[in-house]
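All values reported here derive from a predicted model rather than from experimental measurement.
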Amino acid sequence: MFSSKKAWLCWTLAVSYVILIFGFQTGYAVINPKISETLGLSATEMSLIGATYTFFFAFFQIFSGSILDKAGVKPAIPLACLFLTMGLVLFVLSKSIWGFVLAQIFVALGGSFGFIGAGFVGRIWFTKERYGLMFSWVQFVASVSACLIQLVFIKVLEHLPWNDVVIGFSILGGVMILLMIIMLDNPKELDFQPLRIETARTVIKGCIVDLLKIIRRKKVLFIMLIGAVSFGSMLSFSIVWGSRLLQSYGIGQNQAHVAVAMSWLGLAIGSPLFSYISNSLRSNAKALGIGLIGQTVTLAILVCLQTNAWQSTLLLFLFGIFTGASMLPFAIAASLVDANQVGTSAALVNGSQFLFGAILVSMPGYLLNLSPAAGMRQILLPVFFTLLATTSCYILLGKKAAK
């Protein structure tokens, strides 16, 4: 659409920011046992810290997409990176559960502009027809990096304390802020409002108006729910509970972390793969259905049958591939709203995914708190049944809504 060099530069910067966010988010799955050991926090308390990020991430998403629609990517994304970096610094300084909760709120505020911001860059700097594909490639890059960073975390934490690793991320955040200030930009052909304190009321009012318009559309709400449960179940297993489940099967901690990392590699492959499948079938609805069925089957085997290390790794890899279909709701929702509401619709889809992620991350911890003697398999069954019910509902009632 516009200058290809500038377009790719802005897209690369935005995706680099997503890598930073996903790297810390997935790395939390590796460092949370270390934090628990160091500070004496229970599994329930660690799940609360993990759920805090996903809940507030979802809340801030309500406004991030609309702010991008109104103000563009600059200065919105550099400011978001500043909040993220502040959160990382607070994470290092925290000594209690409430310190980590506060840090996660700042990280969530900054992170809420990451994935959606990279998708928005793809929308304003590239053609409309490439929007869905660019979103898939954002997820591909983010998931590959998440997998690799998680594997690096496993090795690095054998030699360094967890807080030194987080300090490294905060330094990268500072470097990212400077690069964004210098090189990130909005297309001059598009007219965005200045993001100033005195115009905040107008921007927020516009956000609320756009949100109300979108959530009144039943098809959009339905697609949000489907994508939310699909990706939310992935977050539950990839951030906190997957490695704990595998360890309950007698699999070593490092092997369990590697297996969970493979779910992110699977998601990296599955995101563009399901974009290709939907194009081949000429139906987002059918492709989404295939993904949901695949997720449900692999999760059923993982939770209901005790598997060994290589079987668990393969199942989580396949689970990640099928979760790639959760990227399709972005394109489906975008096709159901006006052109100037694409950022808002994407934020709602992404926000709902992380909101359900918060619920599905915290639910097993809550059940474990109620029944300390319960096994990992028992407390994770509700996550599976939620996915099963959603898949059944979609197959029986919902394909028309996605057309």
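- In this structure, CE in Met183 is found 5.5 Å from CG in Leu9, a value given to the nearest 0.5 Å.
- Note on ring orientation: taking the six-membered ring where Trp is involved, the planes of Trp137 and Phe140 are perpendicular (angle over 60°, cut-offs 30° and 60°).
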What pairs of donor and acceptor atoms, side-chain ones from residues 76-86 against any protein atom, are under 3.5 angstrom apart with sequence neighbours left out?
unit_1	atom_1	unit_2	atom_2	d
Thr85	OG1	Cys81	O	2.8

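- No side-chain heavy atom of Val141 sits under 4.5 Å from any side-chain heavy atom of Val18.
- Side-chain contact check for Ile116 versus Phe120: every heavy-atom pair is 4.5 Å or farther apart.
- Using a 4.5 Å heavy-atom cutoff, the side chains of Leu148 and Trp264 are not in contact.
- Checking side-chain atoms of Ser271 against main-chain N and O of Ala268 turns up no donor-acceptor pair under 3.5 Å.
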Hey, mind stepping through Leu225 and Ser352 against side-chain contact (heavy atoms from CB on, under 4.5 Å) and telling me if it holds?
CA-CA 7 Å; Leu225 175 63; Ser352 64; over 6 Å; no
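- The distance from atom CG of Leu348 to atom CD1 of Ile223, rounded to the nearest 0.5 Å, is 13.5 Å.
- With hydrogens and angles left out, the side-chain atoms of Gln295 and Thr391 include no donor and acceptor closer than 3.5 Å.
- Put simply, the side chain of Ser16 reaches to within 4.5 Å of the side chain of Met176, judged on heavy atoms.
- Heavy-atom neighbours of Phe59 CZ from other residues, nucleotides or ligands within 6.0 Å: at or below the threshold of 12.
- Taking CG from Leu246 and CG from Asn308, the interatomic distance works out to 10.5 Å, rounded to the nearest 0.5 Å.
- Between Ala108 and Phe60, the closest heavy-atom pair is C-CD1, 3.8 Å.
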Going through the distances and angles, do Leu299 and Leu380 end up as a side-chain contact (heavy atoms from CB on, under 4.5 Å)?
CA-CA 10 Å; Leu299 196 59; Leu380 288 172; over 6 Å; no
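- With values rounded to the nearest 0.5 angstrom, Phe384 atom CZ is found 8.0 Å from Leu381 atom CG.
- Counting heavy atoms from C-beta on, the side chains of Ile19 and Ile149 come closer than 4.5 Å.
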Decide yes or no on side-chain contact (heavy atoms from CB on, under 4.5 Å) for Gln353 and Ser326, but give the supporting numbers first.
CA-CA 9 Å; Gln353 289 180 345; Ser326 66; 4.1 Å; yes
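- Side chain of Gln247 to backbone of Ser243: a donor-acceptor contact under 3.5 angstrom is found.
- To the nearest 0.5 Å, the span separating CG on Leu302 from OG1 on Thr307 amounts to 5.5 Å.
- Around atom CZ of Phe317, more than 12 heavy atoms belonging to other residues, nucleotides or ligands sit under 6.0 Å away.
- When side chains are defined from C-beta on, Ile251 counts as touching Ser312, because their heavy atoms get closer than 4.5 Å.
- Of all the heavy atoms in Phe322 and Gly291, the pair that sits closest is CB-O, 3.5 Å.
- Nearest heavy atom pair, residue Arg244 against residue Met376, reads O-CG, 3.7 Å.
- Heavy-atom minimum distance, Asn186 versus Lys74: ND2-O, 3.1 Å.
- The shortest side-chain heavy-atom distance between Thr12 and Val15 does not fall under the 4.5 Å cut-off.
- Ring pair Trp11/Trp8 is perpendicular by interplanar angle, where above 60° counts as perpendicular and below 30° as parallel.
- Heavy-atom minimum distance, Lys6 versus Asp185: CE-CB, 3.8 Å.
- Considering only residues two or more places apart in sequence or on other chains, Ser263 meets the side chain to side chain donor-acceptor pair (under 3.5 Å) condition with none of them.
- Residues Leu314 and Gln311 are not in side-chain contact: their nearest non-hydrogen atoms beyond the backbone lie 4.5 Å or more apart.
- Between Ser94 and Ala103 the shortest heavy-atom distance is OG-CB, 4.3 Å.
- Side-chain N or O atoms of Ser233 include none that pairs as donor or acceptor with a backbone N or O of Leu387 at under 3.5 Å.
- Shown are Ile290, Leu292, Asn284; of these, the side-chain contact (heavy atoms from CB on, under 4.5 Å) with Leu288 is made only by Leu292.
- With hydrogens and angles ignored, the 3.5 Å screen pairs no side-chain donor or acceptor of Ser230 with any backbone N or O of Gly227.
- Note: Leu93 CG to Ser170 OG = 9.5 Å, rounded to the nearest 0.5 Å.
- The 12-atom threshold is not exceeded at OH of Tyr366, counting heavy atoms of other residues, nucleotides or ligands nearer than 6.0 Å.
- Between the side chain of Tyr249 and the backbone N or O of Ala309, no donor-acceptor pair lies under 3.5 Å.
- Checking side-chain atoms of Asn279 against main-chain N and O of Ser275 turns up a donor-acceptor pair under 3.5 Å.
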Do Phe115 and Phe330 pass the side-chain contact (heavy atoms from CB on, under 4.5 Å) test, and can you show the C-alpha distance, the side-chain angles, and the key distance before you say yes or no?
CA-CA 12 Å; Phe115 186 77; Phe330 289 99; 3.7 Å; yes
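- Between Trp162 and Phe91, the two ring planes are perpendicular [angle over 60°; tilted spans 30° to 60°].
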